[in-house]
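Notes follow once the structure below has been shown.
Here, residue 1 is the first one in the sequence, and each next residue gets the next number.
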Amino acid sequence: MEHNNQADQTEEICVEANGLWKIFGKKAADILNSDLRFESKESILEKTGNVMAVRNVSFSVARGEFFVIMGLSGSGKSTLIRMLLRLIDSTSGSIRVNGEDILKYSKKRLMDFRRHTTGMVFQYFGLFPHRDVLYNVAYGLKVRGDVSKEERHARAQEAIETVGLKGWENYHPSALSGGMRQRVGIARALTINPEILLMDEPFSGLDPLIRREMQDELIELQDKVQKTIIFVTHDLHEALKLGDRIAIMRDGKVVQIGVPEDVITSPADDYVREFVQDASPAKVLTAGGIMDQPEALLYEWQGPKAAIRTLRDIKEDYAFMVSRHRNLLGLVTLNRLKTVIQNNGASLKEAFTPDPPTTNPVTILEDLFPIAAEADYPIAVVDEDGKFMGEIQISSIFENMIQSKEAIADE
Ligand SMILES: Nc1ncnc2c1ncn2[C@@H]1O[C@H](COP(=O)(O)OP(=O)(O)OP(=O)(O)O)[C@@H](O)[C@H]1O
Ligand SMILES: [Mg+2]
């Protein structure tokens, strides 16, 4: 199968890792240079006492992409993400950021890179317990040493507002809930306005409801700030919800990289299949993925009689009406058309309902349920400019959920 481990070629590459290895222990180089490197983690540990943490990992991340690294505990996620900042030295391999080989960076250049280009949100909050929120958030700028106190506080204030913590500036972390503490961590990473945001299981400690809320907020935030994000999680649903692409790690190896729908519909191996088995298709399939093309559309300049003939030809009791540029104008039903014709109406505009239920192509099925529950006719899929892209029959929402479950179970 095709391994989608390179970012889209048309996009600008931001981070590129090639053949990365990390072996913890004194014999790292020997292991790497012998056939031992092909053995299992357990076997290597037993024979050498060293830990094979990351094994020949390659991927690239496009600018502005939300890239998720997912895997079970111990699979090497934290090690990998830390290697990207050189918080952990790789045993072998290359890391390029914006085309520069960061493994060749001098100490000073590396510091610069960490303080200006990247922001990291850690797995555990990493806050100073005896300092207030403002201090904690401004800290990222303080270590840079080149920003005045006033500016630090102004920028920290801005980040605090961005993550919704206004009013909490002078509280200590202990006064905050887990979710709020995590926001402090995110605000701290944002104050330096980094190009790349690295997040290591930022929401793991949170209870499910708060976690979902934080995920939604991160999506909203990403819409606003458009960073390149590398996000580590061991939660499949979180990965599927947030990731433009997902890399799945097992025992230090990346076993699959793909867009969420690929990972669900064609898992690379049993490990991934097991991971995705419990995934609800409702959280994965998108409106764009299940929409159909209607047999006919109606156009604003058509008369009611032409429209009624079209509906009879396609044996439907409705059709969507669009403008010359295919912008969705509304829904026309057979009943309304008949009434208009009976009243000698001359324009199709008299027969349409202007605001039919619509959705955009990236909406997941789960979020279509409330729309579907209210809808008497299919849901129109429109793009950002309001152009009509396709329609979704209410029944097909449920059919697709069942089929995709069966497809996974059959493999
Ligand atoms: N400093 C270290 N020395 C020795 N082994 C280490 C070190 N850091 C990590 N490891 C080992 O490397 C492997 C990968 O660990 P890592 O922390 O990257 O996993 P992870 O995927 O982030 O797990 P989790 O989901 O639990 O955070 C594990 O077997 C771990 O025990
Ligand atoms: Mg970890």
Side-chain angles (χ1 to χ4, degrees), residues 7 13-24 28 51 53-71 74-128 136-137 139-146 159 182 184-204 218 222 225 227-234 242-243 245 247 249 252 254:
I13 302 296
C14 182
V15 178
E16 195 172 7
N18 244 309
L20 279 184
W21 294 77
K22 177 62 192 181
I23 303 163
F24 287 104
V51 180
V54 170
R55 198 193 283 264
N56 200 12
V57 166
S58 303
F59 61 85
S60 58
V61 181
R63 187 172 315 290
E65 184 172 13
F66 200 128
F67 189 81
V68 173
I69 300 171
M70 190 190 76
S75 56
K77 308 178 299 293
S78 293
T79 306
L80 180 60
I81 201 171
R82 282 161 170 268
M83 276 157 79
L84 299 178
L85 280 184
R86 287 184 57 186
L87 295 170
I88 292 179
D89 285 323
S90 43
T91 308
S92 172
S94 79
I95 303 165
R96 291 182 162 276
V97 175
N98 296 330
E100 290 183 19
D101 182 349
I102 68 156
L103 299 179
K104 297 222 170 87
Y105 278 173
S106 67
K107 235 185 180 153
K108 182 174 173 303
R109 181 73 188 86
L110 180 61
M111 281 299 160
D112 253 23
F113 169 73
R114 288 193 195 138
R115 289 169 184 173
H116 295 265
T117 313
T118 60
M120 174 103 184
V121 182
F122 289 96
Q123 185 163 6
Y124 306 102
F125 308 119
L127 303 179
F128 300 109
N136 268 289
V137 172
Y139 179 75
L141 287 169
K142 187 177 158 96
V143 295
R144 258 167 59 164
D146 61 349
Q182 206 48 266
V184 177
I186 294 170
R188 172 149 84 193
L190 286 176
T191 45
I192 63 166
N193 193 22
E195 197 186 318
I196 307 165
L197 206 51
L198 301 157
M199 307 179 91
D200 189 354
E201 309 221 24
F203 306 147
S204 295
L218 183 60
Q222 170 66 345
V225 298
K227 305 284 179 201
T228 303
I229 300 182
I230 302 183
F231 185 102
V232 165
T233 181
H234 58 244
L242 297 176
R245 280 183 311 145
M249 291 190 77
V254 166

Find out whether N193 and K227 are in side-chain contact, i.e. whether some heavy atom of one side chain is under 4.5 Å from a heavy atom of the other. yes

Short question: side chain of S106, backbone of R109 - any donor-acceptor pair under 3.5 Å? yes

If we count only N and O atoms by modelled type, under 3.5 Å, do the side chains of R96 and N18 hold a donor and an acceptor together? no

Check the pair M199, V232 against side chain to side chain contact (heavy atoms under 4.5 Å, CB included), reporting the backbone distance first and the verdict last. CA-CA 6 Å; M199 307 179 91; V232 165; over 6 Å; no

Under 3.5 Å: donor-acceptor pair, side chain of S58, backbone of G19: yes

Within-4.5 Å side-chain heavy-atom neighbours: F67 and F231: no

Taking the side chain as C-beta and beyond, is there a heavy-atom pair between W21 and V54 under 4.5 Å? no

Aromatic plane relationship, Y105 with F113 - under 30° parallel, 30 to 60° tilted, over 60° perpendicular: perpendicular

So, does Q182 use its side chain to make a donor-acceptor pair with the main chain of P202 at under 3.5 Å? yes

Does F24 have K22 sitting over its ring (NZ/CZ under 6.0 Å from centre, angle to axis within 45°)? yes

Give a yes-or-no answer on whether the side chains of S78 and D200 include a donor-acceptor pair shorter than 3.5 Å. yes

Main-chain N/O of L85 paired to R114 side chain as donor or acceptor, under 3.5 Å: yes

Check R245 with E65, please: is the shortest side-chain N to carboxylate O separation under 4.0 Å? yes

